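Here the structure is laid out as structure tokens; the discussion comes afterwards.
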Amino acid sequence: MTGFAVALVLVVAAVGLLRWRRPAWYWLTFGVTLAVVRVLVRYGSVMDACGLTVPPPRWRLALARVANRPLPESRPPRILRLRPTRTGLVLRLKLRPGQDAFDVAAASDRLRHSFSMYGVTSRELRSGVVEVRMTGYDVLKRVQMPTEKETRSMRVPVALRQDGSVHYRDYRAIPHALTLGATESGKSVYQRNLVAGLAPMDVALVGIDCKQGVELFPLARRFSALADDPDTAAEVLDALVERMKRIYQVIRAQQRITADVPDAEIAADIWDLPDHLRPVPVVVLVDEVAELALYANKEEEKRRDRIITDLVRLAQLGRAAGIYLEICGQRFGSELGKGITMLRAQLTGRTAHRVNDETSATMAFGDIAPDAVLAAIQIPAETRGLAIAGDASGGWHRIRAPHTSLRQAVNICNRHADRTPELPELAPFRPRLPGSDAMPVPLAKASSATT
């Protein structure tokens with residue numbers, strides 16, 4: 001008996017140590033089983049305590065009275081499926097008549113405490129069916145992306161959500177996005193993950209980095225064009241606008257709208273074109289957008305207006321031409337001048353890392369998800385990489401990108417350098433690097449290197 005007690009104490013101590021040091025391992029070995037038992041045993045009483053039950057129908061009450069039987073109890077939502085995952089549990093519920101998905105969402109915090117889970121979120125799948133996702137531990141403390149991720153054209157897995165699911169940057173669904181974050185908030189790591197995810201795809205990358213290219217220049221082998229100062233950035237954006245106009249002419253030439261052409265064959269964007277005619281999509285990454293909007297004299301003001309006008313045009317019209325914008329910066333507000341709020345209105349996707357003031361968070365989410373503003377300003381300074389991601393639908397999530405070093409991102413870009421397309425409009429801005437066949441020249445436009 002003494003030996004059994006010692007063994008039991010050692011097992012309990014090992015489980016406690018595993019839960020403390022390796023919560024993911026603990027969840028996969030012991031936690032998932034305990035959580036399933038806990039949910040099934042407590043389900044009825046927890047739903048009743050959280051106000052998620054409905055009275056029995058009148059016919060059952062009448063039948064119980066006629067038969068002189070005890071009155072039936074209130075009914076909780078019916079469990080359609082209980083599925084364990086590597087980070088928690090997924091509970092699919094069928095709501096009873098009179099219940100609403102908002103009732104489940106409002107009770108999420110009480111469900112978290114009652115089921116002893118780390119986090120609980122819910123979403124409505126269809127009328128009367130709600131999916132409740134529970135996490136068994138803090139998945140954002142040490143981000144581990146799943147090995148199996150959904151792969152699709154122009155859809156990049158960039159971070160992990162607080163409910164354990166993968167956060168994707170889907171350019172087909174959300175063409176343009178804004179990413180904000182103060183210094184040392186993890187914004188650069190998020191950008192590296194984005195570039196590393198795009199590198200293996202058939203896409204052209206265009207970078208505008210007015211910090212003399214220090215963020216994007218190491219990844220230059222995968223970029224079709226790079227600009228490291230506002231003057232070159234203005235010329236790159238002008239070239240992209242001209243490319244957009246040319247692609248629209250290609251789409252119009254292929255529409256052939258006649259009575260005998262099926263609707264499915266009428267092209268409205270590049271994805272409706274045949275494969276041999278489809279232009280390569282372009283993702284434009286703008287780092288520190290405020291540098292493009294600042295000016296000190298009249299000449300710089302004209303350049304600034306030209307840049308902002310091109311960005312607004314690309315944001316309004318570029319989707320159909322396969323041109324997508326990723327605008328990044330520490331600050332994005334109306335004080336940057338005219339056209340900024342118009343540009344913001346076209347940036348559907350919003351991601352905010354830790355910001356220095358509430359106004360920046362309001363500029364990111366105030367017009368689409370006011371609840372996310374408070375969450376954004378509460379991000380602690382020591383949690384680098386933690387961010388709030390939302391879109392125009394009003395939904396938002398806490399996300400955190402896995403740490404990707406600059407060396408790792410460079411290796412990925414170099415490995416896929418052969419996928420870098422040659423775009424005629426952007427050929428003068430293609431970076432020439434030491435070690436390539438061509439003579440190394442600065443990042444700025446090649447013609448300016450000879451002056």
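For this chain, numbers begin at 1 and follow the sequence in order. All figures in this text were calculated on a predicted structure; none of them were measured in a lab. These values consider heavy atoms only, across backbone and side chains, with no hydrogens, waters or symmetry-generated copies.
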Can you check side chain to side chain contact (heavy atoms under 4.5 Å, CB included) on Leu178 and Phe332, steps first, answer last? CA-CA 9 Å; Leu178 171 66; Phe332 194 84; 3.9 Å; yes
Please report the C-alpha distance between Arg110 and Leu52 in whole Å, then the side-chain angles of each, then the deciding distance to 0.1 Å, and finally whether the side chain to side chain contact (heavy atoms under 4.5 Å, CB included) criterion is met. CA-CA 11 Å; Arg110 285 175 286 173; Leu52 296 177; over 6 Å; no
Show your working on side chain to side chain contact (heavy atoms under 4.5 Å, CB included) between Leu194 and Arg169 and close with a plain yes or no. CA-CA 8 Å; Leu194 192 59; Arg169 176 69 179 93; 3.8 Å; yes
Would you please test Arg407 and Asn411 for side chain to side chain donor-acceptor pair (under 3.5 Å) and show each step? CA-CA 6 Å; Arg407 180 74 265 172; Asn411 291 342; 3.1 Å; yes
Show, in sequence, the C-alpha distance, side-chain angles and deciding distance for Arg331 and Leu180, and conclude whether the side chain to side chain contact (heavy atoms under 4.5 Å, CB included) test is met. CA-CA 7 Å; Arg331 173 82 175 157; Leu180 297 179; over 6 Å; no
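Considering only heavy atoms from C-beta on, His167 stays 4.5 Å or farther from Pro157 through its side chain. Looking at heavy atoms from C-beta onward, Leu219 lies out of side-chain contact with Asn414 at the 4.5 angstrom threshold. At a threshold of 4.5 Å between non-hydrogen side-chain atoms, the residues Leu317 and Met244 count as touching. With contacts defined as side-chain heavy-atom distances shorter than 4.5 Å, the pair Ile79/Tyr43 qualifies. By the 4.5 Å heavy-atom criterion applied to side chains, Thr179 and Tyr190 are counted as neighbours. Within the 4.5 Å cutoff, the side chain of Val286 has no heavy atoms near those of the Cys328 side chain. Taking 4.5 Å as the limit, some side-chain heavy atom of Trp271 sits within range of a side-chain heavy atom of Pro281. Counting heavy atoms from C-beta on, the side chains of Leu80 and Val129 come closer than 4.5 Å.
Side-chain rings of Tyr118 and Tyr137 stay apart, their centers remaining 6.0 Å or farther from each other.
Scanning both residues, Pro97 and Val54, for their nearest heavy atoms gives O-CG1, 3.9 Å. Closest of all the heavy-atom pairs between Val410 and Pro218 is CG2-O, 3.5 Å. When all heavy atoms are compared, the tightest approach of Ile307 to Pro230 is CD1-O, 3.6 Å. Listed here is the closest heavy atom pair of Arg303 and Asp231: CD-OD1, 3.1 Å. The shortest non-hydrogen separation linking Thr87 to Gly164 is OG1-CA, 3.6 Å. Residue Trp27 comes nearest to Thr85 through the heavy atom pair NE1-O, 3.1 Å, listed as atom of the first residue, atom of the second, then distance.
Looking only at distances, no side-chain donor or acceptor of Gln346 sits under 3.5 Å from a matching main-chain atom of Leu343. Side-chain atoms of Asp229 do not come within 3.5 Å of backbone N or O of Cys210 as any donor-acceptor pair. Of the possible donor and acceptor atoms, one in the side chain of Asn193 sits under 3.5 Å from a partner among the backbone N and O of Pro402. When atom types are taken as modelled, the side chain of Asp109 and the backbone of Arg112 share no donor-acceptor pair closer than 3.5 angstrom. Between the side chain of Arg96 and the backbone N or O of Pro76 there is at least one donor-acceptor pair closer than 3.5 Å. Checking side-chain atoms of Arg350 against main-chain N and O of Gly390 turns up no donor-acceptor pair under 3.5 Å. Proximity of a side-chain donor or acceptor of Arg133 to a complementary backbone N or O of Thr121 within less than 3.5 Å is not detected. Side-chain N or O atoms of Ser114 include none that pairs as donor or acceptor with a backbone N or O of Leu111 at under 3.5 Å. With Glu300 contributing its side chain and Ala296 its backbone, the two residues share a donor-acceptor pair below 3.5 Å. Although no hydrogens or angles enter the test, the distance criterion places a donor-acceptor pair under 3.5 Å between the side chain of Ser224 and the main chain of Pro421.
Judged by the 6.0 Å distance and 45° axis criteria, Arg155 is positioned over the aromatic ring of Tyr168.
In summary, Asp272 and Arg278 do not engage in a salt bridge, as defined by a charged side-chain N under 4.0 Å from a carboxylate O. Under the 4.0 Å criterion applied to side-chain N and carboxylate O atoms, Asp238 and Arg306 are assigned as salt-bridge partners. For Lys245 and Glu242, the salt-bridge test passes: some basic side-chain N is under 4.0 Å from an acidic carboxylate O. Contact check on Lys302 versus Asp305 returns no salt bridge, with no Lys/Arg side-chain nitrogen under 4.0 Å from an Asp/Glu carboxylate oxygen. For the pair Glu288 and Lys187, the salt-bridge criterion is met [side-chain N within less than 4.0 Å of a carboxylate O].
Shown here is Lys211, whose NZ atom has more than 12 heavy atoms of other residues, nucleotides or ligands within 6.0 Å. Heavy atoms from other residues, nucleotides or ligands lying under 6.0 Å from CZ of Arg319 number 12 at most.
The SG atom of Cys413 lies 11.0 Å from the CZ atom of Arg192; values are rounded to the nearest 0.5 Å. Here the straight-line distance linking atom CD1 of Ile399 with atom CG of Leu140 works out to 9.0 Å at 0.5 Å rounding. Separating the CD1 atom in Ile270 from the CD1 atom in Ile251 is a distance of 7.0 Å, to the nearest 0.5 Å. One distance of note links CE of Met363 with CD1 of Ile340; it measures 8.0 Å at 0.5 Å rounding. Within the model, atoms CG of Leu314 and CD1 of Ile323 stand 5.5 Å from one another, a figure rounded to the nearest 0.5 Å. With values rounded to the nearest 0.5 angstrom, Ile174 atom CD1 is found 13.0 Å from Met154 atom CE.
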Side-chain atoms of residues 368-388: list all donor-acceptor pairs with protein atoms under 3.5 Å, sequence neighbours left out, distances to 0.1 Å.
residue: Arg384; atom: NE; partner: Glu184; partner atom: O; Å: 3.4
residue: Arg384; atom: NH1; partner: Glu184; partner atom: OE1; Å: 3.1
residue: Arg384; atom: NH2; partner: Glu184; partner atom: OE1; Å: 3.2

